[in-house]
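Accompanying notes for the structure given below.
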Amino acid sequence: MPLPCEKHLLLSPENVPPSHKGWEVIGVFNPAAVEYGDQIVLLLRVAEQPVQRKDGQVGLPRWVPGRGPTVDWFARSEVEFIDARLARPRGGDHLRLTFLSYLRLAVLDHPTAKPRIEPVCIVPEDPWEEFGVEDPRISLIDGRYWITYVAVSRHGVATAVASTDDFRAFQRHGLIFPPDNKDVVVFPERIGERFAALHRPSGGFRFARPEMWIAFSPDLKNWGGHRPLWSYRAEWENDRLGAGVPPFRLEQGWLEIYHGSGRARSPGTVGTYQAGALLLDPNSPERVIAYSPQPILCPTEDFESGGFIPKVVFPTGLVRRGDRLYLYYGVGDTFTAVAAIALPHLLDALLPLEPPPAEGPGPSR
Ligand code: MAN
């Protein structure tokens, strides 16, 4: 049973102008969210496709750093579709995305206000960003905003970081987790002397179950001390699972709201994405102290059943006002929405986790 909450649809593709002539916006979703003065800043993932269609051909987009978006055309018979997001040109040795993403700023005057779309964008610049930059998360650390985002290219799916003081000028710091690793969220405070982040390694070897990991860093750029943190416990999250919002400090511990998806019901489709919650030890966040046995946010509204990838809710930002949490999330890889959740309800939905046996080196389960 999802938690009782009030959901507001904030943005649809038609609310955002395309980056270039000849391109159309097909998604505005998976937004980072952070308080900025008395406003809330969202960094939106905007996905675009070329407007042009060619009979019998498929156009797969790519960003040429320094120039902008371009399209590679293939004969339809030469492209194998894995699902609506992923395609493999025959004979090619890597996958391609069917759309191209970059990041765009929006500002809200209160948590459920209509966002104002700003001109500021973060677009692909580095060779490891040629298939797009996606799914940002923002943490305010020592007065500076640190933005982790996914960088997709022929080299794989990796995570990069940028920082800013004012959401006008951004400094890029390059890759922090090499392929394949995404869903990286940075704790907003040091744990002891070190910074900490959750991440999700997902290599092609497929030895591992879907897992979230924790890592530590002296400077937010060099990461080590890696260890597994959490794996799935239920069917709804047994296919993919990764951090959602940057860990949020509560009196009881660090709250992490993450996403999980179950296995797809048929080939070529994508499983349902829902959100779960963890509470991590306030001083040793490598220890999970409570978890939600059921998803806390599920696609229940009409607008959550539609979109490019139906039945996806994907949490990426959290803002607190008193006892209310505002959870910003992507819907169906198409829309941006916010859910207002009462903090006491969320805490009531968590079950304490017994500490694992002393010899167990594996992740908390
Ligand atoms: C993956 C990523 C996300 C996306 C979900 C659902 O986890 O590509 O960006 O929102 O799938 O499609």
Side-chain angles (χ1 to χ4, degrees), residues 11-13 25-33 42-49 60-61 81-87 94-104 122 124 129 131-137 147-153 156-160 177 179-185 198-204 210-212 232 236-245 257-265 267-276 295 297-299 303-317 327-337:
L11 288 169
S12 307
V25 174
I26 60 160
V28 49
F29 57 110
N30 300 0
L42 300 185
L43 199 55
L44 306 160
R45 169 175 169 192
V46 179
E48 296 187 349
Q49 260 179 359
L60 297 178
F81 283 92
I82 313 293
D83 58 42
R85 305 166 297 190
L86 292 168
H94 57 78
L95 293 177
R96 296 286 298 263
L97 289 168
T98 56
F99 49 77
L100 191 56
S101 299
Y102 61 94
L103 313 180
R104 186 155 192 164
I122 297 181
E129 298 176 348
F131 301 155
V133 292
E134 307 182 344
D135 301 352
R137 273 68 164 209
I147 302 160
T148 52
Y149 61 92
V150 178
V152 191
S153 74
V157 177
T159 295
F177 288 93
D180 282 337
N181 200 318
K182 65 193 305 197
D183 299 320
V184 176
V185 294
L198 305 180
H199 64 105
R200 191 195 104 183
S202 46
E211 285 180 348
M212 248 184 277
Y232 70 85
W236 68 269
E237 53 180 359
N238 67 0
D239 192 41
R240 287 171 184 220
L241 154 163
V245 308
I257 300 184
Y258 67 95
H259 67 265
S261 77
R263 298 203 179 100
R265 293 196 183 273
T269 64
V270 175
T272 300
Y273 277 66
Q274 307 184 88
L297 186 80
C298 306
F303 73 89
E304 294 169 327
S305 300
F308 185 57
I309 309 283
K311 294 206 174 287
V312 171
V313 294
F314 197 86
T316 36
L327 179 62
Y328 294 85
Y329 63 104
V331 179
D333 289 4
T334 305
F335 309 111
T336 286

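Owing to the predicted nature of the structure, the values given are computational and were not obtained by experimental measurement. The chain is numbered in sequence order, starting from 1. All ligand and atom numbering here is 1-based and tracks the order in the structure.
- Here the OG-CG distance, from S202 to D180, works out to 5.0 Å after rounding to the nearest 0.5 Å.
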Protein N/O near ligand 1 N/O, under 3.5 Å, which pairs?
| unit_1 | atom_1 | unit_2 | atom_2 | d |
| --- | --- | --- | --- | --- |
| ligand 1 | 7 (O) | Y273 | OH | 3.4 |
| ligand 1 | 9 (O) | N30 | ND2 | 3.3 |
| ligand 1 | 9 (O) | R45 | NH1 | 2.6 |
| ligand 1 | 9 (O) | D135 | OD1 | 3.3 |
| ligand 1 | 9 (O) | D135 | OD2 | 2.5 |
| ligand 1 | 10 (O) | N30 | ND2 | 2.9 |
| ligand 1 | 10 (O) | D333 | OD1 | 2.6 |
| ligand 1 | 11 (O) | R85 | NH1 | 2.8 |
| ligand 1 | 11 (O) | Y273 | OH | 3.2 |
| ligand 1 | 12 (O) | R85 | NH1 | 2.6 |
| ligand 1 | 12 (O) | D333 | OD1 | 3.4 |
| ligand 1 | 12 (O) | D333 | OD2 | 2.7 |

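- In this structure Y273 satisfies the ring-ring contact (aromatic ring centres under 6.0 Å, His included) test together with H259, sequence neighbours excluded.
- Taking CD1 of I82 as the start and CG of L95 as the end, the distance is 5.5 Å to the nearest 0.5 Å.
- In this structure the side chain of F308 reaches within 4.5 angstrom of the side chain of F99, judged on heavy atoms.
- Not counting sequence neighbours, the partners of P13 by the side chain to side chain contact (heavy atoms under 4.5 Å, CB included) test are V25, V28, T334, F335.
- Residues that satisfy the side chain to side chain contact (heavy atoms under 4.5 Å, CB included) test with A158, not counting sequence neighbours, are L175, P179.
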